[in-house]
Amino acid sequence: MKVKTLISVTTILFGFYLNANAQISTSVDTTGGIPALLLNGNPYYLNAWTVGLNLSNQTDEQVKAKMDTVKSEGFEVVEIFVEWKITETVPDVFNFSRIDSLMDYAQQIGLYVLLQPEVGHAPWWFADNLYPNAIFSTYDPDSASHSGYLWGPMTMTGFSSLPIFYHPDYIAEADTFYTKVINRYKNHSAFFGWTLYVFTSGEYNYPGGLTYGISGFADYSNYTKTLYGSPPPNPLSLFSQSSPDTRSDWKDWRLFLRDKKRWALDHFTQLIKTLDPNHILIAYPGLSPLWGEFDNGEIAEAVVSDYTYVLQNPNIDVIRVAPQISQDFMEVVGTEMSFITYILEPYAESSYRYGKAFLLQSERQVNSQSPTVEGKITAWAEWAKSLGIHLLWWSDPDTASGTSGTWTTAEKTKNHTNNSIKCHAFNRRIFHI
């Protein structure tokens, strides 16, 4: 009897160990009316938190503390950035010890992890030592004192550099980094899926523009000038121009950059899915109508075109939009005249039509004049779930732009409470698609 009991206990413990260390697969099932996200073949509602944004500004213990909080309040998935600039500080020497530690800790406490390799900023040596001609050179069109002033090469010695996302030297180095990251973590038992983030895929990077919109932050390097075949036109000031920039040479320049952006998107999505076909790939398209007040007549047209292109990419499983959800947006959820629902519902519908699941990044936009959003979060989440929209809560303030703030304790509690009522067979509003 003692021997049999020992064997039984050993079998149970061994079975538990295997389950705890089992690899998972994630995918999207496109056979239903609305594409379903699957975890090991079963429908799964993704309701996640970011915890590892900008690891260069956080210690591992700080990130682990966030993970503990997320786990204790009912969440199952967290997102962590993997920054190229701090992973390969010396050429061809990769230090993944921090990500290893965080992935193992997630497994230990029972969390799944979305990984977002971040290659928009190359390590400092990329420009300083090896590829000085493969980084952006930009204009500042919005300076009152020197409109059209050339800022020059975008590099910060000892920290990072801003690479030309279609330069062959950048592609080679970024491919190596992606390959290292994917092969290292695709079989980790805590790994859930990939988020594509290159300089070309963020929602701000319109063809020919970044945070300044279509008329601003663009590449004027000698490499791009040569590739383009003629000097690019100087951008107009976005905030001082009285009418849309309808110059034919500007449109040609914008279309050139759009095509380069699409090439890079196709390249990296193909690479990721070839290396790891067993997990979802999430991608950011643009969502320009939510910044309509900054549109100079070209942004919306450019980004809607990009959105359609992303939808058609066969390697992308999930569309992720990040409209910087503010209190004002949440205030009108559920009303007949809801701006945010009016904009997002057709975007979700088009995503479903192309067989993509839809992930909405919810950020707390700073607005000191509005009441707290605590009472609106449940309505917001219920509205999203009624459409089959998955939610990712952005937990860190965007200190660079000052547009996003930290969720209050009461608001976070409401977010987590809402998560506890999630169900795998959540209510879906069926569109005619």
Under 3.5 Å, is there a donor-acceptor pair linking the side chains of [X] and [Y]?
| X | Y | result |
| --- | --- | --- |
| S189 | Q107 | yes |
| N313 | D266 | yes |
| T308 | Q312 | no |
| S25 | N278 | no |
| D104 | H188 | yes |
| K356 | T30 | no |
| T224 | S221 | yes |
| D169 | Y223 | no |
| R320 | Y284 | yes |
| N47 | W393 | yes |
| Q58 | K66 | yes |

So, the side chain of [X] versus the backbone of [Y]: is there a donor-acceptor pair under 3.5 Å, distance only?
| X | Y | value |
| --- | --- | --- |
| E345 | Y347 | no |
| R262 | V310 | no |
| Y354 | P314 | no |

Original post:
Are H390 and F358 an aromatic pair by the rule of ring centers under 6.0 Å?
Top reply: no
Subject >> Check: Y44 ring centroid to F192 ring centroid under 6.0 Å >> reply: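 That pair passes the under 6.0 Å test.
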Hey, what's the ring geometry for [X] with [Y], parallel, tilted or perpendicular (30° and 60° as the breaks)?
| X | Y | value |
| --- | --- | --- |
| F191 | H279 | perpendicular |
| F268 | Y170 | perpendicular |
| F256 | Y166 | perpendicular |

Does the side chain of [X] reach to within under 4.5 Å of the side chain of [Y], using non-hydrogen atoms?
| X | Y | answer |
| --- | --- | --- |
| Y185 | D100 | yes |
| W253 | Y220 | yes |
| L114 | T50 | no |
| T269 | K273 | no |
| W194 | V181 | yes |
| E83 | N54 | yes |

Subject >> K180 atom NZ, neighbour heavy-atom count above 12 within 6.0 Å >> reply: no
Original post:
Between H167 and N133, does a side-chain hydrogen bond (donor to acceptor under 3.5 Å, both in side chains) hold up when you go through it step by step?
Top reply: CA-CA 9 Å; H167 195 287; N133 297 319; over 6 Å; no
